[in-house]
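Quantities reported herein were computed from a predicted structural model and do not represent experimental measurements. Below, each value reflects all heavy atoms present in this structure, side chains not excepted, and no hydrogens, waters or symmetry copies.
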Protein chains: 2
Amino acid sequence: MPAEDGAPTMAPESVSELIERIDAIAPTLPKRLGQSAEFLRHNIHLVAVSTVADLAAGAGVQPSAFMRFCQVLGFSGFSQMQALFRAEYRELRPDYAERLSQLRQSGAEGPGRLAASFAEAGHKSLVSLMNDLDAARLATAARLLASAGTVHLVGLRRAFAIVSYMGYLLDKMKVPAVIHRTSGQIESDHAIRKGDALFAVSFTPFSEETLELAARTRRRKVPVVALSDTVDGPLAATADVLLVAREVDVGAFRVPTAALTLATSLAVAIGQSREKTD
Amino acid sequence: MPAEDGAPTMAPESVSELIERIDAIAPTLPKRLGQSAEFLRHNIHLVAVSTVADLAAGAGVQPSAFMRFCQVLGFSGFSQMQALFRAEYRELRPDYAERLSQLRQSGAEGPGRLAASFAEAGHKSLVSLMNDLDAARLATAARLLASAGTVHLVGLRRAFAIVSYMGYLLDKMKVPAVIHRTSGQIESDHAIRKGDALFAVSFTPFSEETLELAARTRRRKVPVVALSDTVDGPLAATADVLLVAREVDVGAFRVPTAALTLATSLAVAIGQSREKTD
DNA sequence: ACGAATTTGGAAGATTTATTCCATTTTTGT
DNA sequence: ACAAAAATGGAATAAATCTTCCAAATTCGT
């Protein structure tokens, strides 16, 4: 029997698409289906490993109601929806405990294990980045930098990799950007003009040079956006906007995965924002 | 009906206990059960979201054989084993996936969503890095570079962030290291002496300068280790050891998460290896 | 307040999936 | 090389899970 309305509402093809649809239709749903939507929205990770009966019980509805809910979302039934979650899980869910011991027993001792540890730390860093991320603040930072004439970048020691990648991206997107303190130049202040903005990156222990350049720039009423690994550092007072990315360490070392991810997002956001204005 | 032997081999109560048992009995298992063990050991995270038929097919055995394998492990059957994985999955709160898709769809258009996408891409990149990692090759690379007098680093454009971070790490660990092509210097070859080694990073599209420096260095019989995003590129022929890190793109952009993780592992391995020798 | 349309609960039925059984093949010990 | 023991494949059976159906309850429009 064909659907009555012209558009047969195709099934979502990814979890995020599914969530969008839930949020779109939730307000219009009758009581039991609304309960199902509410429960699913907050326990979406259970779908891959539960039965309809379990989920229906969780939502406080009959299995048949939950079933109808799946169909309202565009699926043929619960099984089709579950398949979506299982597929995504298979792709995106490694087992690091397993992978680690696997590498341990596979002869090649040192570096492989190190890589596994750093990869695991990277996952954790990205998780905490997303948990702590203040989207509004990031948007403010992007706006500030996008409206600058030239974006000035500064970051030394471990922060240098971050600004150098940002510099590469901004250049690729034709955004005027300069990386400071790279060529024996001691005093960069004169290059930073009214109407520009500074992006300063510094992690504990902070480098004096970066802090001072940021402070002097701020005093000249040029906007300063900062990226650090703590909210308590000296940059908190100096910067107009302070972004934070914490990394999970492996012994005495770390990979700046979260910081690089955040910086890249910022750079791309700046580029896109400029593109519109041009 | 009680078991015939005195010790009824109780079922494992956690995934790690289960892995231990698999490793313990695997060597004594007959062919088909051995295949099941081998497959499970490498795909253990699939248990929560698969059927016996799927897993049996993956292992290349009949469902009945896989079934017997579960019983050998101490479970009453497959379902009991699967319940273990599902329980562990439920407890290990991936509220992260929820948070991610929340951000991605929550009106907050620009930077927040971008960050969510880049974070997700980062996870995928790290997963595929670990899946494809050749631990033995990484160990060879580390050995080669650790035994060099000076480690020379080269990488331009997007690869520069990688070498600059490696340079920072090696310096911190007191390993003699130099980053090339950073200060207007056109010809670096003379600085690379016999007994040194070169680490070259280049991604598609490859930069001629990096490739040529690597080729010239190799011709002089100085060891070259390379990091790229493909096995087919020009570095395959040039390098003594080629490491590969693929990244998942977001639109036209990427964060070099996997490459940076691999490079960091390599740097730390070099440092540790040197420490022992000193 | 009344009838029509929608929503709901529960149970029956269809389907998928797990489990057992046993004849046949392979391995083991002598 | 032979018999006994163990392992295997495939099909039959049992269990669970999904899905549909419809009478009863509720909501909605007038």
Point to revise | Pairs where residues 54-65 of chain A contributes a residue and the test side-chain hydrogen bond (donor to acceptor under 3.5 Å, both in side chains) is met, not counting sequence neighbours | key: A:T51-A:D54
Set out, line by line, the N/O atom pairs under 3.5 Å between protein and nucleotides 23-26 of chain D.
none

Check your understanding: Of all residues at least two apart in sequence or in a different chain, which pass the side chain to side chain donor-acceptor pair (under 3.5 Å) check with B:R32?
Key -> B:Q35
Exercise for review: Encode nucleotides 23-30 of chain C as B, S and - characters from 5' to 3', where the letter depends on protein heavy atoms closer than 4.0 Å: B to the base, S only to sugar-phosphate, - to neither.
Suggested key: --------
Practice item. Could you name each residue pair satisfying ring pair (Phe, Tyr, Trp, His ring centres under 6.0 Å) that touches residues 128-147 of chain B, not counting sequence neighbours? Key: none
**Study point:** Set of side chain to side chain donor-acceptor pair (under 3.5 Å) partners for B:T230, sequence neighbours left out
**Key:** none
Under 3.5 Å, sequence neighbours excluded: what are the donor-acceptor pairs made by side chains of residues 76-84 of chain B?
residue : atom : partner : partner atom : Å
B:Q80   : OE1  : B:S76   : N            : 3.0
B:Q82   : NE2  : B:V47   : O            : 3.1
B:Q82   : NE2  : B:S50   : O            : 2.7

Practice item. Ignoring backbone atoms, test whether B:S79 places a side-chain nitrogen or oxygen under 4.0 Å from the OP1 or OP2 oxygen of C:dT19. Key: yes
Practice item. Could you pull out all residues at least two apart from B:D240 that satisfy salt bridge (Lys or Arg N to Asp or Glu O under 4.0 Å)? Key: B:R218
Review point. Taking only residues two or more places apart in sequence, or in another chain, which ones meet A:R68 in a salt bridge (Lys or Arg N to Asp or Glu O under 4.0 Å)?
Key: none
Point to revise | Relative orientation of the end axes in the helix from C:dA1-D:dT30 to C:dT30-D:dA1, expressed as an angle to the nearest 10° (five pairs per end) | key: 40°
**Study point:** With A:R254 via salt bridge (Lys or Arg N to Asp or Glu O under 4.0 Å) - residues at least two apart
**Key:** A:D229, A:D249
Exercise for review: Using heavy atoms and a sub-4.0 Å distance, could you list which residues of residues 53-68 of chain A are near DNA chain C? By number, please.
Suggested key: A:Q62, A:S64, A:R68
